[in-house]
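What you are looking at is a predicted structure, and each value in this text was computed from that prediction instead of being measured. Remember, it's 1-based here, ligands and their atoms both numbered in the order they're listed.
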Amino acid sequence: MSEFEIPETMMALQLTGVGAEKIELREVEVPRPEDDQVLCRVECAAACASDSKIIDQGPDHSLMHGWDPAKWPVTLGHEGCVTAVEVGSNWAERIKVGQRFAVQPAVPSGPSRHHERYDDAEAIRKIAVGYTLPGLFAEYVLIDPEVIETSCLIEIPDADMPHFAAALSEPISCVVAAQQHSFHITKESPEAPREVRLGMLPGGTTLLLGAGPMGLWHLEIAMSYGPDTIIVSEPNNARRARAEEFFARRAEDEGIDLVLTTPEELDRVIDQATDGVGVDDCIVALGIRPVQEKSFDYLGPGGVTNLFGGVKADDRMISVDARRIHYDSISVVGSSGSDPSDIAEAIDLIATDRLQPGKYVSAVGGLDAAGDLLQAVREQRMEGKGIIYPHSRRALAEIDGWSPEEERELLGTK
Ligand SMILES: NC(=O)c1ccc[n+]([C@@H]2O[C@H](COP(=O)([O-])OP(=O)(O)OC[C@H]3O[C@@H](n4cnc5c(N)ncnc54)[C@H](O)[C@@H]3O)[C@@H](O)[C@H]2O)c1
């Protein structure tokens, strides 16, 4: 079969209700594009801890807007690299068959289709690929017009960039975006005007809570802002060891004091590192309410905590000491997903070798391994990212890093 011959059916990993037992690998029809859609072949897709949130919350997830997967199964997967294989006539000028794209899954738009499946379709301002829009743990994906109109289908300019690197530009872009939501108000002198600077405070102390796959990217990107000290708190020994293995050398070379610690030791470590003042930046790279709440206590004057991980709807309320906001000017920021500009920045970081996504890959498999991968992510058995190649069938293999050559060998395109 030629690369772009399109079969009638395909396999797709779907959520058919709420809970892990409702994840099924199913044979479904390959949809054909209407004039305003594009059919893409999925080259690879990565799993994310956020996938667990839609699995556990179903219609209650904020990006589902009441859509019930028990009635209308959804295909999971929101990080991936795709190739256009059939282009609806409306897009003929803009998209060519064979063009490769990264997907920016959080689409700032209402849905063009299936309005009756949402609680209030007219009120929706954000939908997402791998939620109510078809996801990427499938051999093919139908791209709806709102994804293209909002520039969420982003061409990969570099033909040599491996599929896995293009796919990982999405989670990396979320970290780029998140860190640009932190800000510091600075003044050269008491007489000078105030200025706002985005990102971690150069010369300051950055605290990172959680060294999962996203936490490690936060650590890498935080280093580029040039803080004096980065403290990483993580209870899992293997994850702390991985952070040290990846970054201790670079931190030393760049004059950054990298301190790895546990939640139990954290208060003492912060006191020691900041002379009791508190940190300038905190990034909460996990979605646990008490940890988010506690993060405010670690901040020094002018400090900013960045709530990167989302919490369940029931856990949405936290308490904050209003006197510290008033007297110490502490702030809280957060972000979910990224913009196309952030994906472009992430692609540039990868293309110019300033960030090597391959070292973060710790499992690969075929589409039949996608369910196992999601389960491994749910149980935090994965040290890094797992990549699924939907057109291949193979069990999940644990690996320690991944390269363009290994990808070509797996796909038989060497
Ligand atoms: N904002 C966004 O755009 C965005 C994008 C992708 C992922 N996320 C979210 O980011 C979070 C992190 O993702 P991940 O893949 O690294 O998740 P993960 O669950 O693999 O990692 C979280 C880490 O936090 C550690 N941890 C648990 N309790 C802790 C504590 N008290 N103090 C410090 N560390 C603690 C865990 O041991 C684990 O290593 C998830 O909530 C995910 O949904 C957000």
**Study point:** Short N-O contact, R239 and E383, less than 4.0 angstrom
**Key:** yes

**Study point:** Modelled atom types, side-chain donor and acceptor of T186 and E195, under 3.5 Å
**Key:** no

Exercise for review: Select all protein residues for which some heavy-atom-to-ligand 1 distance is less than 4.0 Å, and list them by chain and number.
Suggested key: C48, A49, S50, K53, C174, G210, G212, P213, M214, G215, S233, E234, P235, R239, P263, A285, L286, G287, I288, V291, F308, G309, S335, S336, G337, Q380

Could you pull out all donor-acceptor pairs under 3.5 Å where a side-chain atom in residues 394-402 meets a protein atom, sequence neighbours excluded?
{"residue": "R394", "atom": "NE", "partner": "S392", "partner atom": "OG", "Å": "3.3"}
{"residue": "W402", "atom": "NE1", "partner": "Y389", "partner atom": "OH", "Å": "2.8"}

Point to revise | Residues forming a side chain to side chain contact (heavy atoms under 4.5 Å, CB included) with A344, sequence neighbours excluded | key: none

Point to revise | Salt-bridge present (R242, E245; N to O < 4.0 Å) | key: no

Exercise for review: Would you list the pairs meeting side-chain hydrogen bond (donor to acceptor under 3.5 Å, both in side chains) in which at least one residue belongs to residues 146-168, sequence neighbours left out?
Suggested key: Q99-E155, R100-H163, S112-E146

